[in-house]
There are 4 protein chains.
Amino acid sequence: MLTMSATTPPARRPRADAQRNRDHILDVAEQHFGEHGVTGSLDAIAKRAGVGAGTLYRHFPTREALLAALLAARDDELVARREAIRTGSTDAAEALDGWLRALTDWASAFDGLPEPLRAAMSAEASPLALTCQGYITTTDEFLADAQREGSARAEVRGRDLFLATLATSWARGAAMADESSPASMADLTRTGWATTQPPCDAPRSVLG
Amino acid sequence: MLTMSATTPPARRPRADAQRNRDHILDVAEQHFGEHGVTGSLDAIAKRAGVGAGTLYRHFPTREALLAALLAARDDELVARREAIRTGSTDAAEALDGWLRALTDWASAFDGLPEPLRAAMSAEASPLALTCQGYITTTDEFLADAQREGSARAEVRGRDLFLATLATSWARGAAMADESSPASMADLTRTGWATTQPPCDAPRSVLG
Amino acid sequence: MLTMSATTPPARRPRADAQRNRDHILDVAEQHFGEHGVTGSLDAIAKRAGVGAGTLYRHFPTREALLAALLAARDDELVARREAIRTGSTDAAEALDGWLRALTDWASAFDGLPEPLRAAMSAEASPLALTCQGYITTTDEFLADAQREGSARAEVRGRDLFLATLATSWARGAAMADESSPASMADLTRTGWATTQPPCDAPRSVLG
Amino acid sequence: MLTMSATTPPARRPRADAQRNRDHILDVAEQHFGEHGVTGSLDAIAKRAGVGAGTLYRHFPTREALLAALLAARDDELVARREAIRTGSTDAAEALDGWLRALTDWASAFDGLPEPLRAAMSAEASPLALTCQGYITTTDEFLADAQREGSARAEVRGRDLFLATLATSWARGAAMADESSPASMADLTRTGWATTQPPCDAPRSVLG
DNA sequence: AATGAATGAGTGTTCATTCAT
DNA sequence: TATGAATGAACACTCATTCAT
């Protein structure tokens, strides 16, 4: 109504109650997924939100769409953290480490979240794919800085590090919550278990 | 009834039936999990095996018990591989690397297998817990050798490496199948992304 | 607003918009019913037409109303065919046969169309009832000619023949599409399966 | 155990309560379909029968399977009627007529029944397909008799007549219940509307 | 010891219709 | 007048687990 940009077509006001509904559903979903993990019942969310299943479905046609919306709402946090890291880091290696830490926290928002995120990495159709792609790009930026600086291995790719943060989140699952692991997945991801590099001609990967 | 071997007591029917049933169920389960992942329907397995659901349940009271039996059947392979590594390795680092590779393959036997394995790591009640524990112990042995040799970081624990192999298997999931990752999870696990060690007083872990 | 034609009263917006909307909905509905049969989703039609569900509902309060409008748009064709038959037929029997053929084609416009048409035959409230009634009347006219000519049985009524064409369309459903039926429903409707007339005092109808 | 034929495997007694359950479900389904037509809710049937949805589904995996079972229960009636017709008819034409009348009644057992029956005529997978096929065969037999006798047109096939009875049932749908049609679909099927045969070289079918 | 019937809540999804805006 | 969000019951179908036989 006021200084609306030209990008939106007629830009009908999204009908205040619809927006309120949507927001409420998101609140409830956040709580429900927090309690029951990302596989929690969608029907239960609708019920808890006091809306019909159809309403939930209209706003978020798939579980992935709902998750994507939930994560979008957290995008601000992650962006803020990224900026804080950019301005506050003394070297690129620490910046990259900080960013990976942020990603790991982000992927740990709900129990089981890493699973659909990983799936989205190879399913372009998923609404989560875009989400992932954006963060992979950011990871690539931090990584490039570190590689320029000489503090990150040249052959590593942002995509790999992103996947590693998902795996780290996954490993953290409720199972390990109680165990304080002095050398965690993330440690390994940074420095590995070996004290020396493998011979150049040997296969480097356990996976082959 | 007719040509009964002498080994069985005077029991009416040799328990060979039950044993054959059990073995057949395992064969079928292996195939079914191979096709549908570890969340495949137990009912379907019973049906494919031509037994009642109750029979399946009697032999393997939980999905975990069935998985544990399936993995037990593969224990021989892994033991053989362990021995081959022990006798064939020139240094402890390569031996450890080889063992982790073997574990990663083992945990990739079925789609979704890493999930219950991770869960079993902190649930002592699970029939899979024992399975895991055995391999963790072996990992500890290989690791201790490497640490003695000075080729593995002192603060790393076998438990952590075992979990890392599960995470690596998990990351391999269909998602990455097509992507040839020049620096895979396993690479990262061995050497990390950093070229240098972090300062001694800095927090080393992304997870904290 | 700008070049408003003189025909419309001082109404704010020419109802041309509404008319165009209506026409567009009809176009889309024709295509959608063509693809998904007459039970296709009305919501989907509204979406494909780019209008709200309420708008569709305003123009066509029921599925029957929408179908009736769709068929009304085809009325011209059928009228033209009727005239062609009237002028081009040498005898009343062939004219009637031609008309029934036209009706059968008409009732086969969409998958499942015969169903609501039959329902409309006894539900005067339906918007399709009028449509049907008109064609029944025409059928009566052709039939009367044939009866006068002596080439149609006296006790047959237009209503019955109309229903028979619906049944023929119904029988044509995908089921028989592949089967070339040497003696089709329509053949039976014209000449029956019997070579001779049943005795006058015998019950003639299978239905009683 | 006793003189059990070799066809059934171990032929475990179907567990009396299961059989009772099955029968009860059939009773309830019959009533429910009678009230709501063949599209009535399966869930509702389960609820009315006091069993879980899974139980219904175990006995009758699809709606068609349930209908087939329902019709199988009526097979006795139809067989009895067939025998009565065979022994009681003076000529093959009347026998065929009687059989078609029986079929029409049979296909009118529930509202909407003709629809899945027609579908089954071209879908071999359907459990109803067998049902239909059996009655088509019987129709062929009656028809052959009539054709030998010279009282049925040579080019007609049992399959066509069976389909015509379905169409007749369909036309009878609630819609026409009130209307007493002096020349019904069935009349038309027997003798057609024409008093004379179409010219031999002319296309005989309205459908072409 | 084995069977397989029963359970029944749960899954995601659809849709005609109403109504707040 | 038109919109499209909301409704919410209904749909077919699944499955791990229990238990009567």
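Fair warning: this is a prediction, and the values are worked out from it, not measured in the lab. Below, chains carry the letters A, B, ... as their sequence lines are ordered, and counting in each starts from 1. Scope of the values below: all heavy atoms of this structure, side chains included, with no hydrogens, waters or symmetry mates.
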Can you check the [X] [atom1] to [N] [atom2] distance for me, whole Å?
X	N	atom1	atom2	answer
B/E64	F/dT17	CD	C1'	14 Å
C/F60	E/dA16	CZ	C1'	16 Å
D/Q19	E/dA6	CD	P	10 Å
C/L56	E/dT18	CG	C1'	14 Å
B/R20	E/dA1	CZ	P	16 Å
A/L67	E/dG12	CG	C1'	15 Å
C/L66	E/dT17	CG	P	12 Å
B/I45	F/dT17	CD1	P	12 Å

Residue mapping more 5' on DNA chain E - nearest nucleotide basis, A/T62 or C/G54: A/T62
Residue closer to the 5' end of DNA chain E, D/R22 versus B/G50 (nearest nucleotide): B/G50
Given [options], identify the nucleotide with an atom nearest to the side chain of [X].
X	options	result
D/N21	E/dA6, E/dT3, E/dT17	E/dA6
B/A53	E/dT17, F/dT18, E/dA9	F/dT18
A/D43	E/dA2, E/dA16, E/dG12	E/dG12

Quick check: closest heavy atoms across [X] and [Y], and the distance to 0.1 Å?
X	Y	result
B/V51	B/L56	CG2-N, 4.4 Å
D/A123	D/A129	O-CB, 3.5 Å
C/A68	C/P127	CB-O, 3.8 Å
B/A120	B/L128	CB-CB, 3.5 Å
A/R63	A/F33	NH1-CE2, 3.9 Å
A/E64	A/S126	CG-OG, 3.8 Å

Any [X] side-chain N or O less than 4.0 Å from OP1/OP2 of [N]:
X	N	answer
C/R58	F/dT1	yes
A/T55	F/dA5	no
B/Y57	F/dA16	no
C/H59	F/dT1	no
A/S41	E/dT11	yes

Donor-acceptor pair, side chain of A/H36 and main chain of A/H32, under 3.5 angstrom: yes
Sub-4.0 Å heavy-atom contacts from residues 24-33 of chain D onto DNA chain E, ordered by number: none
Residue mapping more 5' on DNA chain F - nearest nucleotide basis, D/L42 or B/P61: D/L42
Side chains of B/L67 and B/T62 in contact at under 4.5 Å (non-hydrogen atoms): no
Test item: C/L66 and C/L26 side chains (from C-beta on) under 4.5 Å apart, heavy atoms: yes
Base-paired stems in DNA chain F, each at least three Watson-Crick or G-U pairs under 3.5 Å: E:2-21 with F:2-21
Euclidean distance, B/R22 CZ relative to B/D27 CG, rounded to 0.5 Å: 11.5 Å
